[in-house]
Undergrad: 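I have a structure here, written as structure tokens, and I will follow up with some questions on it.
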Amino acid sequence: MILLIIILTLIIIFLTIGLVFFTFKYSKSIKAKTMETIQDILESKGFYSKKILMINSRMIVALNNESTMIAVIKNFNINMPTMYDYELFATSFITSIEQKSCFLDVHYIKNGLNKTLHINTISKDIKDFFYFVLKEMCLRKIRQKYPEYNFTITSASDWSCSYVWAYSPKGNVLAYFKSMDNPQIFKINLLREHFTIDTRYNYFEAPILGEIQQLLIYEKEFIFKLFNSLIESIKEKTSTVSEDKIYYDILKDTIYLSNTTSSLQSIKLDETQEVLYFDNRISFVLYDGAKTINFFANKDFTKEFEEFIISYNLRKIAIEFNYKTDKLINTTPNTKFIIDKTRSRLVYCANLNSLSKFSYINIAFDNIKDAQTQLNNFSNFVRIYTKNDEIIDVTCKKHEVAQYILAQIKEIINGE
């Protein structure tokens, strides 16, 4: 009895599997036949499709190769392939696409009349189809406004294309179409702006409508393509400070930071008030006070960037030092004393790794009167007296450094 039950159970299972397989295969065959018939119908009307979407067995929409026209076939029956309703309208006359709880309404104008294509279901395929339609419609307008650029990397903010993003490697231009309310098109040169890209989190931040903000991205591959394109442009157009990590554009006064694999950050130094160093990040405080940009980095990366800022500040004092004759002496970790024989001056610099706090004093050789070393509260310093009665104290971390600076100054005073 038990054996009989097992046999019957197995038979039922095999029959069920067979029925499911047959139904699936038959359904797939019917769908393939329907698509083939629809293709023939469209081509017979001179409509050559880029995309065809079956809403259901009785309703099909298609987009032409130029992405300019939509064909709608309604009341279709595969058993009566010549009996159907057919309509054609231009994508440029779509006024809006309205999503309700479980259906979609495509509003458009035809022959001067407001019309609606009602789709009584919503799926990812349906939303993706109309996303592509809307995006292509917006991209066409962007390309018409900026024909000199080749926008090869594109996406939108959401499936309904509230914003459409288009990037051209030529000129590093990001154009964007604001389709809501009062439609407008803008463009920016990304390499001349603050931007943040992190492919791990699909994160992109850039100035839109004059404000730095996170941009929503519907197509994830957009971020990866943009990251790779920008990295190549940066390597080509800037000076390398640290291979695959830090690049500097002296003409734009902009620094570019990367972790080499997924993150990319640009910083406009002339718009940055201060740089702050932490164990796991570098923070940049912008002048407007409303924005702080964080770049996550380890200690080695932070140290390399700190060295860049020190060199950046030294360039403010002199574009080039003669390292055979001039001496740059580290007095404390972020303080330097410079014996600039090329320009016959002493320079005392403080807070070299900072931006807003960086400062320096110039003392001409012929203005030096005397100098001596002193010890105050366990701190070594060199006191310099000038001929116009100024006193400058140079703090040194080590007594040997103070003695070395004093010897150099004495040589200058003695004319050696």
Side-chain angles (χ1 to χ4, degrees), residues 239-243 245-248 250-251 253 255 269-270 272-277 282 299-416:
S239 300
T240 301
V241 177
S242 177
E243 189 69 35
K245 293 181 181 178
I246 304 171
Y247 299 90
Y248 178 58
I250 192 169
L251 296 177
D253 198 24
I255 192 80
L269 291 175
D270 60 347
T272 304
Q273 181 179 13
E274 192 53 277
V275 55
L276 306 173
Y277 306 95
I282 306 168
K299 289 183 179 180
D300 290 339
F301 192 111
T302 301
K303 184 63 178 176
E304 288 186 68
F305 185 76
E306 196 170 4
E307 290 297 325
F308 164 77
I309 291 295
I310 290 171
S311 299
Y312 175 80
N313 282 328
L314 287 174
R315 282 194 294 272
K316 296 177 183 177
I317 302 167
I319 295 175
E320 186 177 353
F321 287 103
N322 184 338
Y323 289 92
K324 292 183 179 179
T325 57
D326 303 334
K327 294 179 174 62
L328 280 64
I329 305 165
N330 295 321
T331 52
T332 65
N334 296 310
T335 305
K336 280 187 187 290
F337 187 79
I338 303 169
I339 301 170
D340 188 358
K341 292 187 177 180
T342 304
R343 299 162 188 83
S344 301
R345 62 176 180 168
L346 302 177
V347 186
Y348 183 37
C349 313
N351 300 308
L352 271 163
N353 67 337
S354 173
L355 291 177
S356 62
K357 296 178 182 178
F358 167 67
S359 61
Y360 62 94
I361 300 172
N362 282 321
I363 309 168
F365 282 178
D366 58 9
N367 190 31
I368 302 170
K369 182 178 179 181
D370 196 11
Q372 57 184 251
T373 58
Q374 295 192 18
L375 181 66
N376 183 18
N377 295 328
F378 305 102
S379 176
N380 295 282
F381 64 94
V382 180
R383 175 160 289 176
I384 303 172
Y385 301 90
T386 67
K387 292 176 182 178
N388 53 8
D389 298 326
E390 289 180 314
I391 297 175
I392 295 98
D393 289 338
V394 179
T395 303
C396 300
K397 188 176 182 180
K398 295 180 179 179
H399 178 69
E400 294 84 352
V401 174
Q403 289 293 333
Y404 177 74
I405 291 173
L406 178 64
Q408 296 294 316
I409 293 174
K410 290 294 186 181
E411 286 184 5
I412 292 169
I413 293 172
N414 297 329
E416 298 178 13

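Excluded from the calculations below are hydrogen atoms, water molecules and symmetry mates; all remaining heavy atoms, backbone and side chain alike, are included. Since this is a predicted model, take the numbers as computed values, not measurements.
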Undergrad: Any chance you could measure Lys410, atom NZ, to Gln372, atom CD, to the nearest 0.5 Å?
TA: 8.0 Å

Undergrad: ring-ring contact (aromatic ring centres under 6.0 Å, His included) with Phe301: which residues, sequence neighbours excluded?
TA: Phe295

Undergrad: Locate the shortest heavy-atom distance separating Asp270 from Asp253; write the atom from each residue and the value.
TA: N-OD2, 3.4 Å

Undergrad: Distance from Leu251 atom CG to Ser239 atom OG, nearest 0.5 Å?
TA: 9.0 Å

Undergrad: For residues 379-409, pull every pair meeting ring-ring contact (aromatic ring centres under 6.0 Å, His included), keeping only residues two or more places apart or in separate chains.
TA: none

Undergrad: Tell me whether Lys324 at atom NZ has more than 12 heavy atoms from other residues, nucleotides or ligands lying less than 6.0 Å away.
TA: no

Undergrad: Nearest 0.5 angstrom please: Thr331 OG1 to Lys336 NZ, how far?
TA: 8.5 Å

Undergrad: If every non-hydrogen atom of Ser379 is compared with every non-hydrogen atom of Thr395, which pair is closest and at what distance?
TA: OG-CG2, 3.4 Å

Undergrad: Quick one: closest heavy-atom pair of Asn351 and Asn313, and the distance?
TA: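 Where Asn351 meets Asn313 most closely, the heavy atoms are O-ND2, 4.3 Å.
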
Undergrad: Output yes when a side-chain donor or acceptor of Asn380 lies under 3.5 Å from a complementary backbone atom of Thr373, and no otherwise.
TA: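 No: the side chain of Asn380 does not pair with the backbone of Thr373.
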
Undergrad: With Asp393, which residues qualify under side-chain hydrogen bond (donor to acceptor under 3.5 Å, both in side chains), at least two apart?
TA: Arg383

Undergrad: Identify the two heavy atoms, one from Ala371 and one from Ile409, that lie closest to each other, and give their separation to 0.1 Å.
TA: CB-CG2, 3.7 Å

Undergrad: Ignoring hydrogens and angles, tell me if any N or O in the side chain of Tyr323 forms a donor-acceptor pair with the backbone of Leu328 under 3.5 Å.
TA: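 No; zero donor-acceptor contacts below 3.5 Å.
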
Undergrad: Looking at CD of Gln408 and CD1 of Ile339, how far apart are the two atoms once the value is rounded to the nearest 0.5 Å?
TA: 4.0 Å

Undergrad: Residues two or more places apart in sequence or in another chain: which of them pass salt bridge (charged side-chain N to carboxylate O under 4.0 Å, His left out) with Lys397?
TA: none

Undergrad: How would you list, by chain and number, every residue that makes a ring-ring contact (aromatic ring centres under 6.0 Å, His included) with Tyr247, sequence neighbours excluded?
TA: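 Applying ring-ring contact (aromatic ring centres under 6.0 Å, His included) to Tyr247 gives none.
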
Undergrad: Quick check against the 3.5 Å criterion: does Lys369 have a side-chain atom that pairs as donor or acceptor with the backbone of Asp389?
TA: no

Undergrad: Tell me whether the count of non-hydrogen atoms from other residues, nucleotides or ligands lying under 6.0 Å of CD1 in Ile391 goes above 12.
TA: yes

Undergrad: Please report, to 0.1 Å, the donor-acceptor pairs under 3.5 Å made by any side chain of residues 355-363, with sequence neighbours excluded.
TA:
from, atom 1, to, atom 2, distance (Å)
Ser356, OG, Glu274, OE2, 2.6
Asn362, OD1, Arg345, NH1, 3.3

Undergrad: Would you compute the distance between atom CD1 of Ile368 and atom CG of Leu346 and round it to the nearest 0.5 angstrom?
TA: 4.0 Å

Undergrad: Under a 4.5 Å cut-off applied to non-hydrogen side-chain atoms, are Phe305 and Ile255 in contact?
TA: yes

Undergrad: For Thr332, what residues pass the side-chain hydrogen bond (donor to acceptor under 3.5 Å, both in side chains) criterion, not counting sequence neighbours?
TA: Thr335

Undergrad: Name all residues meeting the salt bridge (charged side-chain N to carboxylate O under 4.0 Å, His left out) criterion together with Asp326; count only those two or more places apart in sequence or in a different chain, and write none if there are none.
TA: none

Undergrad: Could you work out, with ring-ring contact (aromatic ring centres under 6.0 Å, His included) as the rule, every residue matching Phe337, not counting sequence neighbours?
TA: none

Undergrad: Test of understanding: with side chain to side chain contact (heavy atoms under 4.5 Å, CB included), list the residues that count as partners of Asn353, not counting sequence neighbours.
TA: Tyr277, Glu306, Ile310, Asn334

Undergrad: If you compare all heavy atoms of Val401 against all heavy atoms of Cys396, which two are closest, and at what distance to 0.1 Å?
TA: CG1-SG, 4.1 Å

Undergrad: For Glu304, which residues count as a salt bridge (charged side-chain N to carboxylate O under 4.0 Å, His left out) partner, sequence neighbours excluded?
TA: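 In terms of salt bridge (charged side-chain N to carboxylate O under 4.0 Å, His left out), with neighbours along the sequence ignored, Glu304 is linked to Lys245.
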
Undergrad: Can you see which heavy atom on Thr325 is nearest to which on Lys341, and at what distance?
TA: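 Looking at all heavy atoms of both residues, the shortest contact is O-CD, 3.7 Å.
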
Undergrad: Is Ile338 close to Cys349 at the side-chain level, that is, under 4.5 Å between some pair of heavy atoms?
TA: yes

Undergrad: Using 0.5 Å steps for rounding, measure from the NZ atom of Lys327 to the CG atom of Asn322.
TA: 10.0 Å

Undergrad: The criterion is salt bridge (charged side-chain N to carboxylate O under 4.0 Å, His left out); which residues satisfy it with Arg343, sequence neighbours excluded?
TA: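 Expected list: Asp340.
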
